[in-house]
Amino acid sequence: MVKFSRELEAQLIPEWKEAFVNYKFLKKHIKKIKIALLHHPSSTDPLPDDASSHAGDVGYGFSLLDPVRSLASRLRHRRHTSHQLDEENMYEMELIQPGDQEVKVFLEKADMELEKVNNFYTTKEAEFCERAEALIKQLQILSDVKEVLDNFCQRQQRRRILPPDSVASPGSPGTLLSRVNSQSSDLSVQSESTEEADQMQSDSSLMAEEVIAVLEKNGVKIIGAARGKAKKGTKPKMASMRIDIPPSTPTRTIAAVTSVVSSVWEDLINGSRKDGTTGGSYINNKKIQCAEKMIRGAFVELYRGLGLIKKFSSLNMQAFTKIMKKFGKVSRQQSTAETFLRKVKSSQFVSSDKVIKLGDEVEGIFTQHFAGNDRKKAMKFLRPRQPKDSHLVTFFVGLFTGSFVTLFGVYAVLAHLCGIFSSSPDKSGYVESFYPVFSIYALVSLHVFMYGCNLFMWRNTRINQNFIFEFATNTALKPRDAFLICASLMTTVVGAMVIHLVLNSSRVGTKHADTLPGLLSLLLIGLFICPFNVFYRSTRYCLLRVIRNIILAPLYKVVMVDFFMADQLCSQIPLMRHIEFTACYFMAMIFKTHSYDTCSHSPQYKMIAYTISFLPYYWRFMQCLRRYFEEGHDRNHLTNAGKYGSALVVAFFRVMYTEHPNQTWLAFVIIFSIFATCYQLYWDFVKDWGFFDLESKNFLLRDDLVLKHKFIYYISMGVNLGLRLAWVFSVMHLNVGPFEHRLIDFVLASLEVIRRGHWNFYRLENEHLNNVGKFRALKEVPLPFREMDSD
């Protein structure tokens, strides 16, 4: 049977951990009570009032002092009865023996824990109620504005279908004739178009007034709103109400830059287009759709928050029940424990039903407005089903892992028999050509394996990576899923390497051996972009979106998963250069545009490879600048951008040293590499990991640590330092053969991937502790409609 302390630890909300009752702390005090009572057995068993009043009768027989004892007993009974009038404070007033000081301490601590839990619940309850009121108000504005826009669109649609005369008198018999005559006369067409434009301007002005009335009805003040119709020949004055939509796409970002504004304030009511036609209806509908999506996301997050606060209430009630049950057994004061539990049950976090009613109300509103009264559809948003763990995944992980190990052993034996590892010139072509192709998949698999290890450690240490990355919990990868991807990919690749080696060594299949890497690449690329819901489609498409956001930086809004993935790409520069070589190799093989040697010796392709080395640092640099302008001009983002700027400088000097290997460029490489390494180490330890807090109780670390053993953090700092210095081998000209040279490159690239996976754990640990410190367990969803006074 699992102990309740472990069960509570596994079920509590990690970001609210400090607000929960400290069950282990109270349990330690109960142990102290038990020890204290063992040393004072006389005080452990206080006699009941009746037994103590007749103690003289039982032990001493008749005495002249019996009437005095009887009077004292009655007085004591009255005093005990008066204490029962205040049940909430009875446990504080009950007589406690002089040796039971630990009981008093326990009750004081339990009171403090109860007050902490109750205050947190009360604060969160008020916060959620306030948020619900704001959301309901936003939804009311959205519904009213949508109704106004729908009516406007219907009027425009009727005007396009029917001619002006039919609009005035639909039953007129001359409608068709007048329509034919109007089409045959240019002058009448011009007059009708003028009248139609005036009428549409009048309708736009009328729609503006209707929207203003709707907003004012909902308590939103409009500044400079025009009342009254526009004069003929002039544009109608529009209201100044706007929708606040964040610049999360390239279009909105460019609009923000051109308007020299950090956030895009989009007009709800547009004027006329440049061509004179009013196209505001279409644009407004797009904006309304975006606003509706934002409000829907806010309702989903509110419902999730209400579920968390319900869980908070039930777990704390269960914890108090368990701990007071233990207290009653140990101290033999059941009445005190029961009285305390009655006080707990009368507290706000147990007795209040506001959260339950609000949850039902939110569920009903969401079902009505966002699911078309389809509760099943609404529950897919509000309560997404969690996928069950399948033992089939574990089986395939073991199967593919065993197959990979076996195939790798077979490949090593065949390569040794074929002399692939020798330094002969006829065998060096194999290493030079096919090493980059197969090393791509090896580095990707290693990175996925490290991510699986990260997922495993984050889950065991209760780090909520899905909340930090804003992943959907029902589609996010689990550790076994990552291991399955890694094992299946490596099994496929090593199997292809074995087949390629066999075909390359035989006389029959030499012509077809070179096509095997291309077919493998096409297969994996096709699987990666496959639109069917197979092999983790949601994860694949999420990765594609993140890569798009990184490449188009700084046009897209930068979130945690974007710059986290960009940091991963900074550790995969050799892989990106191998991709460039592979593309060049396949073009030479398929289109016959150039020879194979061009891919490794041509100056043009070398320049492309060098440019690729700059790209990840450039993307990360632009992301830092975007965050600097968006997040209140925080200088930390500029300092972080300087780190990637120094990496760009080092990459430039390494390129120059590769092209001109002399002592001058080598000195520049060493000097700037040392500076960039110190810069990166400082940022790793101080900013990303939160270490080197001089006021911390943990030497050179931080106050809050997830791992129990502190020496692991010191070892990790040393490992990160050593792997950061691996660049030294890249500037050393070692006299080795082509196979050994490629092997060293692969080992260095693998060490950098391992360092990045090691860095990932502590980076997310620090982010998680920041969320815990701020009790941040919910996403902050911006609301579209805002009062202009708040600007």
Side-chain angles (χ1 to χ4, degrees), residues 395-453 482-521 523-524 572 574-575 577-579 581-582 585-586 596 600 723 726 729-730 734-755 757:
F395 168 76
F396 279 115
V397 169
L399 177 64
F400 283 121
T401 302
S403 302
F404 161 68
V405 173
T406 304
L407 289 172
F408 186 79
V410 172
Y411 175 79
V413 173
L414 291 177
H416 179 71
L417 294 177
C418 297
I420 298 300
F421 302 142
S422 63
S423 301
S424 58
D426 57 336
K427 299 296 183 182
S428 62
Y430 176 86
V431 176
E432 293 292 333
S433 301
F434 292 97
Y435 158 77
V437 178
F438 291 114
S439 62
I440 292 174
Y441 308 112
L443 291 175
V444 169
S445 300
L446 179 61
H447 214 134
V448 174
F449 175 76
M450 294 302 300
Y451 182 67
C453 295
F483 293 144
L484 176 60
I485 295 172
C486 172
S488 59
L489 178 60
M490 283 308 301
T491 301
T492 306
V493 171
V494 175
M497 292 172 65
V498 171
I499 297 174
H500 176 268
L501 190 58
V502 171
L503 292 177
N504 195 42
S505 302
S506 64
R507 298 180 180 179
V508 179
T510 306
K511 297 180 181 179
H512 305 286
D514 293 344
T515 62
L516 189 60
L519 293 176
L520 177 64
S521 300
L523 174 64
L524 295 178
Q572 287 285 16
L575 180 143
R577 297 181 66 172
H578 293 330
I579 292 176
F581 175 86
T582 303
Y585 181 84
F586 288 150
Y596 295 139
S600 56
L723 294 178
F729 293 96
S730 64
L734 302 176
N735 188 14
V736 294
F739 173 75
E740 289 78 7
H741 177 70
R742 291 294 187 180
L743 183 61
I744 291 174
D745 288 345
F746 179 76
V747 169
L748 292 178
S750 301
L751 288 176
E752 174 59 23
V753 172
I754 293 172
R755 187 202 67 82

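Source: prediction; values computed, not measured.
- For the pair Y441 and S521, the minimum side-chain heavy-atom distance is below 4.5 Å.
- A donor-acceptor contact shorter than 3.5 Å links the side chain of T491 to the backbone of F400.
- Looking at heavy atoms from C-beta onward, F404 lies out of side-chain contact with S488 at the 4.5 angstrom threshold.
- One distance of note links CG of L484 with CG of L399; it measures 10.0 Å at 0.5 Å rounding.
- Between G452 and A482, the shortest heavy-atom contact is CA-CB, 3.6 Å.
- Contact check for F746 versus L443: side-chain heavy atoms found under the 4.5 Å cut-off.
- A distance of 11.0 Å separates CG in L516 from CG in L501, rounded to the nearest 0.5 Å.
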After noting the C-alpha distance and the side-chain angles of L489 and V448, does the key distance pass the side chain to side chain contact (heavy atoms under 4.5 Å, CB included) rule?
CA-CA 10 Å; L489 178 60; V448 174; 5.9 Å; no

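- Taking both residues in full, the closest heavy atoms of L520 and A496 are given as CD2-CB, 3.8 Å, listed atom of the first, atom of the second, then distance.
- In the displayed structure, F408 atom CZ is contacted under 6.0 Å by at most 12 heavy atoms of other residues, nucleotides or ligands.
- A distance of 5.5 Å separates NE2 of H500 from CZ of F438, quoted to the nearest 0.5 Å.
- Atom-to-atom distance recorded for H578:NE2 and D745:CG is 7.0 Å, nearest 0.5 angstrom.
- S439 places a side-chain N or O within donor-acceptor distance of the main-chain N or O of P436, the cut-off being under 3.5 Å.
- Separation of atoms CD1 (I499) and CG (L414) is listed at 11.5 Å; rounding is to 0.5 Å.
- Between the CZ atom in R755 and the CD atom in E752 there is a gap of 4.5 Å [rounded to 0.5 Å].
- Residues L575 and I440 approach most closely at CD1-O, 3.5 Å, considering heavy atoms.
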